Amino acid sequence: MTTSAPASTTRVIDLRDGLSITLQDLGDPGVTTGVLMLHGGAGPRSMGGFAAAVSRHARVVVPTHPGFDGTPRPEWADSVADLAVAYLDLLDELGLRDVLVAGSSVGGWIAAEMALRDTGRRIGRLVLLGATGIAPEPPLEFADPAAIGPVRTGELAFHNPAFRPDPATLGEEQKAVMAANQRALAVYAGDPFCHDPKLRGRLHRVTVPVLVLAGEQDGIAPFAYQRTLASAFPRATFRPVAEAGHFPHIEQPQVVLEAIGAFADAERGPEPAPH
């Protein structure tokens, strides 16, 4: 028997200093724990199918980073650190605790920055999906979609050609949204591209368990880089995902779901024996 995904509610949460967050909330709004999903430069749609699948098991909140998909961004919100603080405030506003934060690409960087600042212990664990954040060791480097163009980006991002978007099929509105999203990414994570040179030296302070899921064919944030990222956390589990690129949750959703389930169960520990 399969269960259908809960209905999704889209709403706007006003936080502080003119900052508002547009989000999708899937599941029971009365539940005080769940999953916060953070998208990367591809925008919130890149988390859509994955969020729907996870929402069959938990409440899922998917914010749109201000400036993406046409949402407003106050001028002062211009760094990954700003987003990390905003999303911790969002967890407070929603009354969520013991949250699993799942971040894709730059969303994984935001998740790590959240964990470093989480003095209120709102976060229970992290799941990083093709995450960026620390400086890649030469000759490794991140591929910048704005520099290499959409065709090459698709080739590097997806192992399976069927998942690669064809720019020729995109309408003008879709192209405009993609271009605006790349500009927003550049504001938050553009120089140096998608990393903070000092972050690696701080990640030892992240005390929550971390699962790093790495597509073996990731050409955006290379597989070898993902191993280095995992090694920077004191409590990290590294899990390769075969036949997947930068978005393992899109190309291998069942593998990713099973890995997250096993990770959560292992960290939760065995059920107590009945008396």
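From a predicted model like this one, the values you see are computed outputs, not experimental measurements. These numbers come from the heavy atoms of this one structure, side chains and all, not from hydrogens, waters or symmetry mates.
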Can a side-chain donor-acceptor contact be found between S79 and D82 if the only test is distance below 3.5 angstrom?
yes
Is Q174 atom CD crowded by more than 12 heavy atoms from other residues, nucleotides or ligands, each under 6.0 Å away?
yes
Among L128, L211, V208, which one satisfies side chain to side chain contact (heavy atoms under 4.5 Å, CB included) with F233?
L128
Which residues satisfy the salt bridge (Lys or Arg N to Asp or Glu O under 4.0 Å) test with R205, sequence neighbours excluded?
none
Ring pair (Phe, Tyr, Trp, His ring centres under 6.0 Å) with F193: which residues, sequence neighbours excluded?
none
In terms of heavy-atom contacts, does CD of E141 have more than 12 from other residues, nucleotides or ligands at under 6.0 Å?
no
Pairing residues for F68 by the ring pair (Phe, Tyr, Trp, His ring centres under 6.0 Å) criterion, not counting sequence neighbours
H39, H65
Counting only heavy atoms not in R202, do more than 12 sit closer than 6.0 Å to its CZ atom?
yes
To the closest 0.5 Å, what do you measure between OG (S231) and CZ (R200)?
5.0 Å
Sequence neighbours left out, what pairs pass ring pair (Phe, Tyr, Trp, His ring centres under 6.0 Å) with at least one residue falling in residues 147-177?
F158-F247
Who pairs with E93 by salt bridge (Lys or Arg N to Asp or Glu O under 4.0 Å), at least two apart in sequence or on another chain?
none
Please list every donor-acceptor pair under 3.5 Å in which a side-chain atom of residues 95-106 meets a protein atom from a residue at least two apart or in another chain.
unit_1: R97; atom_1: NH1; unit_2: D92; atom_2: OD1; d: 3.3
unit_1: R97; atom_1: NH2; unit_2: D92; atom_2: OD1; d: 3.2
unit_1: S105; atom_1: OG; unit_2: H246; atom_2: NE2; d: 2.9

